[in-house]
Amino acid sequence: SASRLDAQSLIAFSPEVAAARDAGRPIVALESTIISHGMPYPQNVQTAREVEAIVREHGAVPATIAVLDGRIRIGLDDEQLELLGRSPDAMKLSRRDLPFALSAHRIGATTVAATMICAHLAGIEVFVTGGIGGVHRGAETSFDISADLQELARTPVAVVCAGAKSILDLPLTLEYLETHGVPVISVGQDHFAAFYTRDSGLKADFRMDDAAQQAAFLRTKWALGLAGGAVISNPVPVSDEMPAVRIQGFIEQALAEAQAGGISGKAVTPYLLARIKDLSGGASLVTNIALVKHNAKVGTALAVALNQQR
Amino acid sequence: SASRLDAQSLIAFSPEVAAARDAGRPIVALESTIISHGMPYPQNVQTAREVEAIVREHGAVPATIAVLDGRIRIGLDDEQLELLGRSPDAMKLSRRDLPFALSAHRIGATTVAATMICAHLAGIEVFVTGGIGGVHRGAETSFDISADLQELARTPVAVVCAGAKSILDLPLTLEYLETHGVPVISVGQDHFAAFYTRDSGLKADFRMDDAAQQAAFLRTKWALGLAGGAVISNPVPVSDEMPAVRIQGFIEQALAEAQAGGISGKAVTPYLLARIKDLSGGASLVTNIALVKHNAKVGTALAVALNQQR
Amino acid sequence: SASRLDAQSLIAFSPEVAAARDAGRPIVALESTIISHGMPYPQNVQTAREVEAIVREHGAVPATIAVLDGRIRIGLDDEQLELLGRSPDAMKLSRRDLPFALSAHRIGATTVAATMICAHLAGIEVFVTGGIGGVHRGAETSFDISADLQELARTPVAVVCAGAKSILDLPLTLEYLETHGVPVISVGQDHFAAFYTRDSGLKADFRMDDAAQQAAFLRTKWALGLAGGAVISNPVPVSDEMPAVRIQGFIEQALAEAQAGGISGKAVTPYLLARIKDLSGGASLVTNIALVKHNAKVGTALAVALNQQR
Ligand SMILES: [Mn+2]
Ligand SMILES: [Mn+2]
Ligand SMILES: [Mn+2]
């Protein structure tokens, strides 16, 4: 063909993000799986807008990322966000799927791994999400380990999250990250966060409450040429936390039901999350929204600090 | 020493491959372990010639790869192929062994991992083989996982194969590839192929029957700078497939005999393959040759399509 | 800020190392965890000096590596070595921790992984230590695998060691290295060394008794652009070896006591090493010092040979 394919021809920036890039302003990447798969319409679109507004309020520009019309979209306009919010059959893209959604012109929402890749291609250093994937319970025999962890080991993006859901095996997740040299930095407490609850009971590698501290760490890491990103574990605010005993009970009940119902393999995680939402009478969704908004605040502060330490 | 060692001084192209490179023609890499370790002489040399002929017939240039006289040979002449075919003590080279065969001037046949490395050094994007290595049965406790899988995660070469042998643990192999972001693309069916049989019972990530589709996917992946290759799973033709129950029986019998005979560790795989060949009265070898030839056709079409989409 | 952070601004060379670099002389990196965590003061500082002297005697310049005052120190002066030797609370730095010790201005001793990173940043190709980390016993379920192994897979530094301690799972350690394409080269024997004893009972990938052979292998590997380093397994001299039955007994006793005492997780390894030292009446420390000195000789010969084959 006449024109050679390159990364930049596969990326399209929204006017807002393009202007921020030109002006050298801080930008925060946001994922889109939470929109297409995490919440029902229209709550998903509304929440996405609210999260974007929080980023703007605190001094950065939000860049929600998805694949539409054969391009990686860095920043979605109203129509695109609406389209994604109404497409529950959007592909859920990880590293292996990203080229497919582009070459086959499919609608795709980006997971943690794929959002990290796209953010890095777009020159964005901070990415805000709910929780990272991890080592699944039973991975000793199933080898079911999220591609998010390998992505953290190779792609230089800081992932601001509320830790990882305790339907995963959190001790094994931290061991895997340690083996692969991925730093886990906790904000406001010593322990790693457990998504619905603040305390996983497991120590993070470092505690850094200040965005300037976090930024200095990252600038040093990347100046050394050390591959990969970092987990910024930001616990759900106390007021939005689910009671640990309650969520633990839901998880154990859901796990028991999954086993009794013969649910296995890739069907387990979506089943567990749906059951937890039902069992909690929707409370898990409220907590999920609250923690993402809190992460947006913390992630924006980090993006601003990184910009100041450029 | 007077001249600094560099990659190009360690590589020697055959006249046919050198001419193809100069002319910008599509090239297909072929491995040599199948010649030195996979089949008896002179069947191995004859099969290698026939596979090369299929590549030429379909519009590309074959490049059989091996290490001879301290050089990586990209394309073997008659004498070199004969030498390799008569050297059952040739080293079987994986990533860790490749520099040794070169620096110690040993004869070496390249496995999937080493052929990928050499193909990439030679600027070749498509490599045709029988089957890839994978996660071995019992790897939960033995940690026996082929270096081929890590190679697929880092070296940008498409590996056209008939899936992986079912003496391996195929579900764990697919999980491992997923964790490391390696796409598994199936040709002509939805499921991952199981070498001697068409259907492993496991879904591949994508189905792409057309070479143009496969090429567009790969061009997109590599344009994004995404490390690694892809598995192109091309099932053995229906007419050459072994009956699933029959091959499964051989595998179980061979596994039982291995255990009863106290065969363990690295001795298990060669033992199983030899027993399967004997138990099948040589039928497994016939299937093996048929599937490699079929892969050569599919791989050549892919190389041609990649050349058109350059 | 006025000046952009870069790797070179984070590294400080001692006058001796700086002069060696300017003169193109061979340099051998030495780690500092053995000083801060491996031995009591003043034995640690004295041993460090003696190891450095061995490197000088055999024709290279030693570069002991640590983090002090926000800089990676390549070569320590008397005052710095003394400071490190008297700081038992120095951080033990692996890949994930290195940026923290720098950005937070902490005293840090470098493990195998972090020393490899720093050596590579400083352009040093050979690193001498006691033993590498590995796959821990029980890692099938604990996932406790040292970050040293991933570092060997990505950072181009030869690590001269006496193998790995048999408190680790050595068969699984070798499988893991094989999967990740890391060559294990044995010196003077065919088998992999087991730190306190010469023979792990496990075959290494290659035996290369001559430094020139080892250097030719490494030059070839790196000329090909193959990522990562190599394990140079140099067994403890016969005269300094601990009796295999005796050390095995200590290890089993220590393991049993750890289990009985409810010691688990990250506390296990330091507990085992301390118990082995006590149970052996200090003999394990004597062996440890002897093998490091022997490694310094072998590592220096390798550095000299690599320099000749530049
Ligand atoms: Mn999975
Ligand atoms: Mn193996
Ligand atoms: Mn560990």
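Chain letters run A, B, ... following the sequence lines, proteins first, then strands; residues in each count from 1. Just so you know, these numbers use all the heavy atoms, side chains as well, and skip hydrogens, waters and symmetry mates. Source: prediction; values computed, not measured.
Contacts from residues 133-142 of chain C to chain A, taken as heavy-atom pairs separated by less than 4.5 Å, involve C/Glu140, C/Thr141, C/Ser142 in sequence order. Listed by sequence position, A/His180, A/Gly181, A/Val182, A/Pro183 are the residues of residues 180-203 of chain A in contact with chain C, using a 4.5 angstrom heavy-atom cutoff. Of residues 148-157 of chain C, those residues lying under 4.5 Å from chain A by any heavy-atom pair are C/Gln150, C/Arg154. Identified by a heavy-atom distance below 4.5 Å to chain C, the contributing residues of residues 204-212 of chain A are A/Asp205, A/Phe206, A/Met208, in residue-number order.
Using modelled atom types, no side-chain atom of C/Arg275 and backbone atom of C/Ala254 make a donor-acceptor pair closer than 3.5 Å. Judged by distance alone, the side chain of A/Trp222 and the main-chain N or O of A/Phe217 form no donor-acceptor pair under 3.5 Å. Checked by atom type and distance alone, the side chain of C/Arg21 never pairs as donor or acceptor with a backbone atom of C/Ile27 at under 3.5 Å. Using modelled atom types, no side-chain atom of C/Ser103 and backbone atom of A/Thr220 make a donor-acceptor pair closer than 3.5 Å. Here the side chain of C/Ser14 pairs no donor or acceptor atom with the backbone of C/Leu76 at under 3.5 angstrom. Side-chain atoms of C/Arg106 do not come within 3.5 Å of backbone N or O of C/Ala90 as any donor-acceptor pair. Not one N or O on the side chain of C/Glu31 forms a donor-acceptor pair closer than 3.5 Å with the backbone of C/Thr129.
For C/Ile117, the part lying near chain A is the side chain, with the backbone staying farther off; criterion is any non-hydrogen pair under 4.5 Å. Interface remark: A/Leu174 contributes no atoms to any contact with chain C (heavy atom separation under 4.5 Å). For a residue to count as touching a neighbouring chain, one of its non-hydrogen atoms must lie under 4.5 Å from one of that chain's; by this rule A/Ala230 does not touch chain C. With a 4.5 angstrom heavy-atom cutoff, C/Ser146 touches chain A only via backbone atoms.
Taking every heavy atom of both residues into account, C/Thr111 and C/Ser94 meet most closely at OG1-CA, 3.6 Å. Of all heavy-atom pairs between A/Val17 and A/Ala63, the closest is CG2-CB, 3.8 Å. The shortest non-hydrogen separation linking C/Ser32 to C/Ala109 is OG-CA, 3.4 Å. The heavy-atom pair separating C/Gly131 from C/Val112 by the smallest distance is O-CG2, 3.9 Å. Minimum heavy-atom separation, C/Gln8 to C/Leu121: NE2-O, 3.7 Å.
With contacts defined as side-chain heavy-atom distances shorter than 4.5 Å, the pair C/Ile232/C/Val126 does not qualify. C/Phe100 is not listed as a side-chain neighbour of C/Leu93, based on a closest heavy-atom distance of 4.5 Å or more.
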Intermediate values then yes/no, side-chain contact (heavy atoms from CB on, under 4.5 Å), C/Phe143 and A/Ile145: CA-CA 12 Å; C/Phe143 282 28; A/Ile145 299 174; 3.9 Å; yes

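Heavy atoms from other residues, nucleotides or ligands lying under 6.0 Å from CD of C/Glu257 number more than 12. By the 6.0 Å contact criterion, CZ on C/Arg71 is enclosed, its count of non-hydrogen atoms from other residues, nucleotides or ligands being greater than 12.
For C/Asp6 and C/Ser9, the side-chain atoms include at least one donor-acceptor pair closer than 3.5 Å.
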